[in-house]
Structure formats: structure tokens, C-alpha cells
Amino acid sequence: MSRIKIVNLLKSESPIDNVTIKGWIRTKRDSKTFSFLEINDGSCLRNIQVVVDETISNYEEIKKLTTGSAISVTGRLIASQGKGQSWEITAETVEMIHLAPESFPLQKKRHSDEFLRSIAHLRPRTNKYGAVFRIRSEMAYAVHQFFREREFRYIHTPILTGSDCEGAGEMFRVTTLGPGQTDYENDFFGKEANLTVSGQLEVEMFALSLGDVYTFGPTFRAENSNTSRHASEFWMIEPEMAFCDLSGNMDLGEEMIKFLVQFLFDNCAEDLNLFARFVDKSLMASLQNVLENKFERLLYKDAIAILEKCGENFEFPVSYGMDMQSEHERFLAEKHFKKPLIVYNFPKTIKPFYMRVNDDNETVASMDILVPRIGEIIGGSQREERLDILTARMQKTQMEKEDYWWYLESRVFGSVPHSGFGLGFERLIMMVTGITNIRDVIAFPRTPKNIDF
RNA sequence: UCCCCGGUAGCUCAAUUGGCAGAGCGGAUGGCUGUUAACCAUUAGGUUGUAGGUUCAAGUCCUACCCGGGGAGCCA
């Protein structure tokens, strides 16, 4: 008999005579003549309670079952006689699929996130991490639905790149050369190769072909950053739109974040509730805040003016021309506006070469979306479509034009205004779960000095 | 990479001024009335992160290193 997933079983509106479930024992309570087993199969947060009477043929074996063991249960789904659950299964046969030794490290009580990180291969068997990764899966699906409804095409940009700079961060070298060898002309690709830090340059080529496109894939940064918001390998969503200016770009970013939060409410209610109860008591209010408020849009120079006048005692003094520090972003989002905001038109000196220079020749058409508690969740811009200005800016940052000949040719043949942004997928998951460490929203986190599992 | 805090049983933590290394949970064994982090009893479990130093005596003080956390920079 094929198994039924617990998520579907618990939706039942009437008793069922013959059901089979398969899963892992979360906990077991023995009485003199029978045992209660709590079974979870990962299909949802909740367990199903199984009642096993001593009259069952292999009851001696059942009594020895341990937390973490895998079993198959066939029996009758009936209304529970006890409190705390509406359904339970009266077991007719229980098959032990695998007995976990008593050294199984997950206990019934709460574990610290730090400890669970050290057993990342087992932590999805906990309530909290099971919920994280179900939500992560739903959010990934929602991203594709959002774009598909708007006729965006999903482009798979390469993971391996021949560029040694894409305007964002240090890169991981990819080589088949032996230790100490640096003759890259003899290397696999005949030149230096790296892992991508962004699919943007490549996806721009498809925006200038298919119109509205996006990438959604892994991204690698070799920065030695040790924070709760950075990982060496993370997933990024990068839409890119032809014939779109900065204003349309901001519209898409705001619309997308709101769509994803609404999708979460509609499809992840049970898992979301765990985070609202146990991880962040203010989670629901802050997600409602994101959903219901128009994101404040203000010029970089106005943001600086607010920071200069606010009287807050910042560690880093505020002045026009500087990049905003975390404390400044947090003040604006959490204290001043108390809702998400979009800061745009930053000075060109602090932004990368591909951002479009504004008519003032001082600023670029860039935008950062900042949300309370998370900080920057989206960074984007209108791209520089004018060949002469683009090449001049590349020269200033000492980039090799020859390496980007293909990128520059897109500004030779039918160049058009276009815009896009990057959204950090893990930061999105942090936002919607209230989890404060990026290592806890990605299956097997890679950070400096950490690539176990 | 920089600043701050921490590392004691499988887990979460305690240990007074430098003076016998402990508890709860988990495990094992037994008991038990339909239990819900079940309950009751018994019991095992330790190179106090590593290496060195000070001292009659170090979990506790000093030095170096390793690992973890928080913050900063960089960014998504």
C-alpha cells in the first residue's frame, strides 16, 4: 500500500479505515500496555500521533524504537481520544525501516541555533528548520510565478565566468592547474576563470533580446566577511528590463517584495506561525507593514539631509558623498520612516561603472531598497546605455575594455534604456521568517573557514 | 580583516576570593491510570577548546593559537 503524506492525512474530514504513513519518530511515550509515537514525515510542521497496543505482533520491537528512527505504519485514522490533536492512527502493523541509535543528537527540547549549525545534515528534522526550508521552497516557486505572470523569461546565466571583475566583490578562482602554477594560458579555459559574482552583465544581453528577463541562481563572493548577513555562496534574483527607467525598476522591486509576502501569507500560514510565535513576536506586524505601506522613495541627498539633521549620535559622521553605513540605513528604515524605503540617485563616485549617469553628471540612476531589521535587500540601477559614457567610466576604474567587448557591443547594436536589480534570496527568507543569521536560512552555509557538509 | 564576548557531561547551563567539577534535559534499566517537552525511581556519563606558563593548589590568573557568537567594513 502506498503511503499518504501526513499533510494530506491531517486534512481528512472523516475517519479512514486503512492508511499507511512513513516517517521519522519525533518522540515516543510508553504506557504499560501501549505506546504513543509522534511521527513526522516532513510534509508539514505537524506530527501524527500513532497509538500502538501491546497486542501488536512485534510490540517488543516497538518498545525499543528510539527518537529519529524511521518507521512505516498501517492502521486506521480515527478521531483522537486525547487532547491536543484531532486525528490519530491506531496501528495495525508497524514496520521498523531503520533503528536510530540512542546517540541521535536531536532531543525533544529546544536546541541552540549554533549547535544545530554544527549538525546541518540533521537540523532539517527539527520543527524550525523544516519550516524554514519549506518556506524557502515556496518562496522560490513564488519568484517564478511572479515573473511568469508578468511575462518575464527565466535565463540561466553561467556559473563560470572569464571576467575577473563584474563590479561586485572578490571572486573564487577556478582552475585545473596544480599548486603553484600560474600559467593560465595552459589552464583549462586558456585564461583565468572564476565563479560568478553576478549574472547581471550576461542577463542584460537577454533583456536586450527577449525584453523582460531574470536570473535566479547561486552566486559566489570570496569576501572575508564574517557577519550574520553574508555568505560566500548565496542565491540571487536578478531581473532586467528593456525600455525601463529607474522609476519602473523601483516599481518592480516594491511590487515583487509585496507579492512574495502575500504569497507567504496565502501558502505558508502554518510554518509562518511558528516563526511568529517562537522566533520573532513582531514578525506579523512587520510583514503587514511591508505589505500595506507604500515604500518611501527619497533621493540620496535628501536621505543625507535627514541624517544630518536628526540629532542621532552616529558612530560614522554623515556627509554628502559617503556611502551610507548600516547604522544610517537602520535609522532611516526603523526609526525615521518605520517602513521600507527606496533611496535613489547615489553619487557616481561610490557606485559601479554600469550604472547610468544622470544629467547632473554627479549622480547615477541607482536605487537601494531598505527594509527594517534586514537593511539592504535590493540594489539596482538603470544601466548606462550610452557607449561613450560607459567606456569612459570603465577607463576611470581601470577595467580592461577588451575583456568586455561583448558587453560593450550591446551598446553598439540597438542600445536601449534598460534597468534591473539584484535581490538577495536569503535576505528575503530572513525577512519573512524573522531569522537573524543567514547561515540558518540556507541548507549548508558556506562562509569563511566553513565548508563542511 | 578589525573591535567586543564566550568555549565546563550528548544538549542547555551552574561552580563565591584561586581550594573536593554539579544540575536539568537526553541515554540506559525498572515502574506506570490515554499520553502531549508525559510522569516516578535507579543509574552511567568529564583530559573544563588546544599548547605552554604562574602557584602548595587553576574551570577560575597570564601568553599564544583554534573554534563559536555579536558588532563593523564590504555587499545581496
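Order of the sequence lines sets the chain letters (A, B, ...), proteins ahead of strands, with each chain counted from 1.
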Enquirer: Has the side chain of H230(A) got a donor or acceptor atom sitting under 3.5 Å from an opposite partner on the base of rC75(B)?
Expert: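 Under the 3.5 Å cut-off, the side chain and the base do form a donor-acceptor pair.
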Enquirer: What I want to find out is whether R373(A) reaches D280(A) closely enough, with some N-O distance under 4.0 Å, to be called a salt bridge.
Expert: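 Between D280(A) and R373(A) there is a salt bridge, with a charged N closer than 4.0 Å to a carboxylate O.
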Enquirer: Determine yes or no for a side-chain-to-main-chain donor-acceptor pair under 3.5 angstrom, with K63(A) supplying the side chain and E60(A) the backbone.
Expert: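 Pair absent, no side-chain N/O of K63(A) close to backbone of E60(A).
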Enquirer: Quickly work out the H328(A) NE2 to rA72(B) P distance and round it to whole Å.
Expert: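 Interatomic distance, NE2 of H328(A) to P of rA72(B): 11 Å.
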Enquirer: Quick one, give me the B/S/- string for nucleotides 22-38 of chain B, reading 5' to 3', where B means a protein heavy atom under 4.0 Å from the base and S means that only happens at the primed atoms, P, OP1 or OP2.
Expert: --BBSS----BSBBBBB
Enquirer: Taking N and O atoms by type only, does the side chain of R221(A) place a donor or acceptor under 3.5 Å from a partner on the base of rA76(B)?
Expert: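 When only heavy-atom distances are counted, R221(A) does reach the base of rA76(B) through a donor-acceptor pair under 3.5 Å.
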Enquirer: Taking R221(A) for the side chain and V197(A) for the main chain, is one N or O donor matched with an acceptor at less than 3.5 Å?
Expert: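 At least one qualifying donor-acceptor pair exists.
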Enquirer: Is E254(A) salt-bridged to R297(A), going by a charged N under 4.0 Å from an acidic O?
Expert: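 Counted as a salt bridge, because a side-chain N and a carboxylate O are separated by less than 4.0 Å.
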Enquirer: What's the gap between rU16(B) and rG34(B) when it is taken at their P atoms, as a whole Å value?
Expert: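 47 Å, rounded to whole Å.
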Enquirer: Could you tell me whether the side chain of S112(A) and the main chain of F115(A) form a donor-acceptor pair under 3.5 Å?
Expert: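 Between the backbone of F115(A) and the side chain of S112(A) there is a qualifying donor-acceptor contact (under 3.5 Å).
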Enquirer: Need one value for R26(A): base, sugar-phosphate or nothing, where a base atom within 4.0 Å counts as base even if backbone is also close, heavy atoms only.
Expert: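 Nothing, no nucleic acid heavy atom in range.
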Enquirer: Nearest-nucleotide wise, let me know which of N437(A) and D323(A) is further upstream toward the 5' end of RNA chain B.
Expert: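 It is N437(A), whose closest nucleotide lies nearer the 5' terminus.
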Enquirer: Mind checking who rC32(B) pairs with, Watson-Crick or G-U wobble, both distances under 3.5 Å?
Expert: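 The answer is none; no pair meets the criterion.
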Enquirer: Between K28(A) and E38(A), does any NZ, NE, NH1 or NH2 come within less than 4.0 Å of an OD or OE carboxylate oxygen?
Expert: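 No.
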Enquirer: Under a 3.5 Å cut-off for both contacts, is rG26(B) paired Watson-Crick or G-U wobble with anything, and if yes, with which nucleotide?
Expert: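 For rG26(B), the partner nucleotide comes out as none, under the 3.5 Å rule.
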Enquirer: Please list each protein N or O that sits under 3.5 Å from an N or O in nucleotides 44-48 of chain B, with the distance.
Expert:
none

Enquirer: When the C1' atoms of rC3(B) and rU47(B) are compared, how many Å lie between them, rounded to an integer?
Expert: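 rU47(B) and rC3(B) have their C1' atoms separated by 33 Å.
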Enquirer: Donor-acceptor check, side chain of E92(A) to backbone of G75(A), threshold 3.5 angstrom: yes or no?
Expert: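 Judged by distance alone, no pair lies under 3.5 Å.
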Enquirer: If I pick the P atom on rG19(B) and the same atom on rC32(B), what distance separates them, to the nearest angstrom?
Expert: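 Their P atoms lie roughly 47 Å apart.
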Enquirer: Do the charged groups of R229(A) and E426(A) touch, with an N to O distance under 4.0 Å?
Expert: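 No, R229(A) and E426(A) are not salt-bridged.
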Enquirer: Just how far, in rounded Å, is P of rC11(B) from CD1 of I119(A)?
Expert: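 Result: 9 Å.
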Enquirer: OP1 or OP2 of rC75(B) sitting under 4.0 Å from any side-chain N/O of S225(A)?
Expert: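 False: S225(A) side-chain N/O out of range (4.0 Å or more) of rC75(B) OP1/OP2.
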Enquirer: How many whole angstroms separate atom CD of E233(A) from atom P of rA76(B)?
Expert: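 Rounded to whole Å, this separation is 17 Å.
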Enquirer: Could you state the atom-to-atom distance from CD1 of I438(A) to P of rC75(B) in whole Å?
Expert: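 One finds 16 Å between P of rC75(B) and CD1 of I438(A), rounded.
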Enquirer: Looking for any heavy atom pair under 4.0 Å, which part of the strands does L428(A) touch: base, sugar-phosphate only, or nothing?
Expert: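 Since no nucleic acid heavy atom lies under 4.0 Å of L428(A), the category is nothing.
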Enquirer: Is there any protein nitrogen or oxygen under 3.5 Å from a nitrogen or oxygen in nucleotides 2-6 of chain B, and what are the pairs?
Expert:
none

Enquirer: Run the salt-bridge test on K22(A) and E95(A) with the 4.0 Å N-O cut-off and return the result as yes or no.
Expert: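 Judged by the 4.0 Å cut-off on N to carboxylate O distance, K22(A) and E95(A) do not form a salt bridge.
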Enquirer: Provide the Watson-Crick or G-U wobble partner of rG45(B), both distances under 3.5 Å; none if there is no partner.
Expert: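 rG45(B) is unpaired by these criteria.
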Enquirer: If only atom types and distance count, is the side chain of S419(A) paired as donor or acceptor with the main-chain N or O of C244(A) below 3.5 Å?
Expert: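 Judged by distance alone, yes, a pair lies under 3.5 Å.
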Enquirer: Testing H144(A), E238(A), R148(A), R153(A) one by one against Y214(A) for a side chain to side chain donor-acceptor pair (under 3.5 Å), which residue passes?
Expert: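 Among H144(A), E238(A), R148(A), R153(A), the one that satisfies the side chain to side chain donor-acceptor pair (under 3.5 Å) with Y214(A) is H144(A).
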Enquirer: Distance check needed: rC75(B) C1' versus M355(A) CE, whole Å only.
Expert: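 Roughly 11 Å, once rounded to whole Å.
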Enquirer: For rC40(B) and rC56(B), measure between their C1' atoms and round to the nearest Å.
Expert: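 Looking at atom C1' only, rC40(B) and rC56(B) are 47 Å apart.
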Enquirer: Is it true that D17(A) and R76(A) have a side-chain N and a carboxylate O under 4.0 angstrom from each other?
Expert: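 Between R76(A) and D17(A) there is no salt bridge, as every charged N stays at least 4.0 Å from the carboxylate O atoms.
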Enquirer: If you measure from the C1' atom in rU54(B) to the same atom in rC61(B), how many Å do you get, rounded?
Expert: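 Roughly 8 Å separates the two C1' atoms.
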Enquirer: Applying the ring-ring contact (aromatic ring centres under 6.0 Å, His included) criterion to F152(A), which one of F147(A), F216(A), F206(A) satisfies it?
Expert: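 Exactly one candidate clears the test, F147(A).
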Enquirer: Whole Å only: how far is the CD atom of E329(A) from the C1' atom of rG71(B)?
Expert: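 So the CD-C1' distance, E329(A) to rG71(B), works out to 15 Å.
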Enquirer: Taking a pair as Watson-Crick or G-U wobble with both distances under 3.5 Å, which nucleotide is matched to rU60(B)?
Expert: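 Matched rU60(B) with nothing under the 3.5 Å cut-off.
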Enquirer: Tell me the interatomic distance from K351(A), atom NZ, to rC74(B), atom P, rounded to whole angstroms.
Expert: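 So the two atoms are 10 Å apart, to the nearest Å.
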Enquirer: In whole Å, measure the gap between the C1' atoms of rU43(B) and rA37(B) for me.
Expert: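 It comes out at 22 Å once rounded to the nearest Å.
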Enquirer: So does S228(A) get a side-chain nitrogen or oxygen closer than 4.0 Å to the phosphate oxygens (OP1/OP2) of rG71(B)?
Expert: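 Looking at the OP1 and OP2 atoms of rG71(B), one of them is under 4.0 Å from a side-chain N or O of S228(A).
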Enquirer: Does R123(A) put a side-chain nitrogen or oxygen below 4.0 Å from OP1 or OP2 of rC11(B)?
Expert: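 Result: no.
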Enquirer: Under a 3.5 Å limit for both distances, which nucleotide forms a Watson-Crick or G-U wobble pair with rA9(B), could you say?
Expert: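 Pairing partner, where one exists within any strand: none, as none qualifies.
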Enquirer: Would you indicate what F316(A) reaches in the nucleic acid, counting non-hydrogen atoms under 4.0 angstrom: base, sugar-phosphate, or nothing?
Expert: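 The residue F316(A) makes sugar-phosphate contact but no base contact.
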Enquirer: Is the backbone of F316(A) close enough, under 3.5 Å, to the side chain of E327(A) for a donor and an acceptor to pair up by distance?
Expert: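 Pair found, side chain donor or acceptor close to backbone of F316(A).
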Enquirer: Please determine, for the side chain of R439(A), which listed nucleotide (rA72(B), rA76(B), rG70(B)) has the closest atom?
Expert: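 Of rA72(B), rA76(B), rG70(B), rG70(B) is nearest to the side chain of R439(A).
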Enquirer: Could you tell me the separation between the CZ atom of F115(A) and the P atom of rC13(B), rounded to a whole number of Å?
Expert: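 The answer, rounded to whole Å, is 12 Å.
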Enquirer: Can you tell me how far P in rU35(B) sits from the matching atom in rG46(B), rounded to whole Å?
Expert: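 Going atom to atom, P in each nucleotide, I get 37 Å.
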Enquirer: Taking a pair as Watson-Crick or G-U wobble with both distances under 3.5 Å, which nucleotide is matched to rU16(B)?
Expert: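 Matched rU16(B) with nothing under the 3.5 Å cut-off.
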Enquirer: Return no unless some side-chain N or O of R229(A) is found under 4.0 Å from OP1 or OP2 of rA72(B).
Expert: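 True: R229(A) side-chain N/O within range (under 4.0 Å) of rA72(B) OP1/OP2.
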Enquirer: Considering every strand shown, what is the Watson-Crick or G-U wobble mate of rA21(B) when both distances are under 3.5 Å?
Expert: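 Base-paired to nothing in any strand shown.
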Enquirer: With rounding to whole Å, what would you report as the distance between rG68(B) and rU8(B) at their P atoms?
Expert: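 The answer is 14 Å between these two P atoms.
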Enquirer: Look only at the side chain of R123(A) and the backbone of A443(A), and say whether a donor-acceptor pair between them is shorter than 3.5 Å.
Expert: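 Side chain of R123(A) to backbone of A443(A): a pair is present.
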